[in-house]
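Taking it in order: structure first as structure tokens, then the write-up.
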Amino acid sequence: MRVVWSDLHRRHDPPEEVEAGERQPMREHPGRVEQILDALRADRGFELVLPAGSGRDPIDAVHDPAMVDYLEIAWHEWSAAAGRDLAIPDVFLHPRLHDGMDPPSEPQSPLGRLGYWCFETTTPMVEGTYAAARAAVDCAVTATQLVLDGGGRAFALCRPPGHHAAHAVFGGYCFLNNAAIAAQHASDAGAGRVAILDVDYHHGNGTQQIFYARRDVLYVSLHGDPARAYPYFTGHAGERGSGEGTGTTLNLPLPSGCDDTGFLAALERGLGAVVDHGAEILVVSLGLDTWRGDPLGDLALSTGGFADCGAAVRSLGLPTTVVLEGGYAVGALGQNVVAWLRGLDGRAPEHS
Ligand SMILES: [Zn+2]
């Protein structure tokens with residue numbers, strides 16, 4: 001299986017984030033990709049390739065171009081105004097601020113502008129953030145193009161991740177929605193009906209929002225129930241799409257402690273929806289933060305369970321692009337990614 005990666009991810013390396021009111025070391029850091037790369041290389045079953053430059057067009061097909069324009073200059077503008085190197089918003093555009101009034105416009109203040117486009121505080125920017133985010137998109141688009149050209153499967157080793165980034169707002173460690181851009185790229189290339197399967201611990205609010213009214217793109221997500229899990233405001237079972245897209249969103253919120261058996265049962269439901277949709281190509285948002293030792297999740301999947309998940313997705317027989325999302329138990333991240341991809345590749349688990 002081919003794996004697309006770029007070392008430009010290292011340029012996004014903020015020292016800290018603000019979570020639950022505390023400054024803490026950034027959990028979404030370059031060591032994640034380095035650990036995965038080591039495990040992929042050790043396995044010897046993966047071919048590492050560099051991405052082609054995909055330009056702005058595939059991004060603007062998914063995101064508000066004004067947000068992308070902002071991301072290009074955000075760090076420079078904010079750091080010059082604030083006199084600091086780590087850009088974190090401290091005021092946000094809450095929808096009720098303008099209750100009964102005209103819609104808000106983008107503020108002029110650089111400090112205000114960051115909170116206009118970003119929705120929370122765990123998504124700091126440094127000077128190299130935008131370059132890294134663009135490289136992650138290049139990885140996702142290149143992997144998808146490999147699948148479009150040759151069938152089969154490819155893995156985009158993306159960082160920063162993407163599934164929390166919506167059409168016109170970013171956050172949740174995410175700036176540009178790599179999986180959504182991959183799915184739209186496939187659709188624009190004439191791949192037919194597209195399905196996105198999101199198995200990250202967190203609901204992919206951004207991906208859901210981007211395709212919520214679309215009939216041709218199915219979004220299926222398995223995740224910790226938003227009653228207790230980030231991002232709290234989306235991912236409920238009752239969110240099923242809107243307009244023409246009614247019925248093309250499927251949320252499968254999971255209870256705390258959900259193990260391999262429970263997760264695989266939900267996955268079978270999700271895969272059934274992919275089949276019913278008549279999908280001709282699949283994009284997987286692969287998060288490994290469902291692992292039992294992950295510091296940000298409370299599910300209980302095992303490494304062997306990940307291999308079973310990959311094998312279950314393989315059983316669809318669809319051309320598949322897998323895009324990396326979360327996973328923060330860094331010491332186990334490599335083995336868990338390899339297990340999942342070996343399952344998808346139809347290879348036996350390493351230790352059986
Ligand atoms: Zn996650």
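All ligand and atom numbering here is 1-based and tracks the order in the structure.
- Asp138 contributes a side-chain N or O that, together with a main-chain N or O of Ser54, makes up a donor-acceptor pair within less than 3.5 Å.
- Residue-level check: among N/O/S atoms of Asp200, OD1 sits closest to the Zn ion (ligand 1).
- Atom OD2 is the N/O/S atom of Asp289 found closest to the Zn ion (ligand 1).
- Within His202, the N/O/S atom positioned nearest the Zn ion (ligand 1) carries the name ND1.
- Closest heavy-atom contact between Leu267 and Ala312: CD2-CB, 3.9 Å.
- With Tyr230 as the partner, the side chain to side chain donor-acceptor pair (under 3.5 Å) test is satisfied by one option alone out of Glu19, His203, Glu120: Glu120.
- A distance-only check finds a donor-acceptor pair linking the side chain of Thr121 to the backbone of Val18 [under 3.5 Å].
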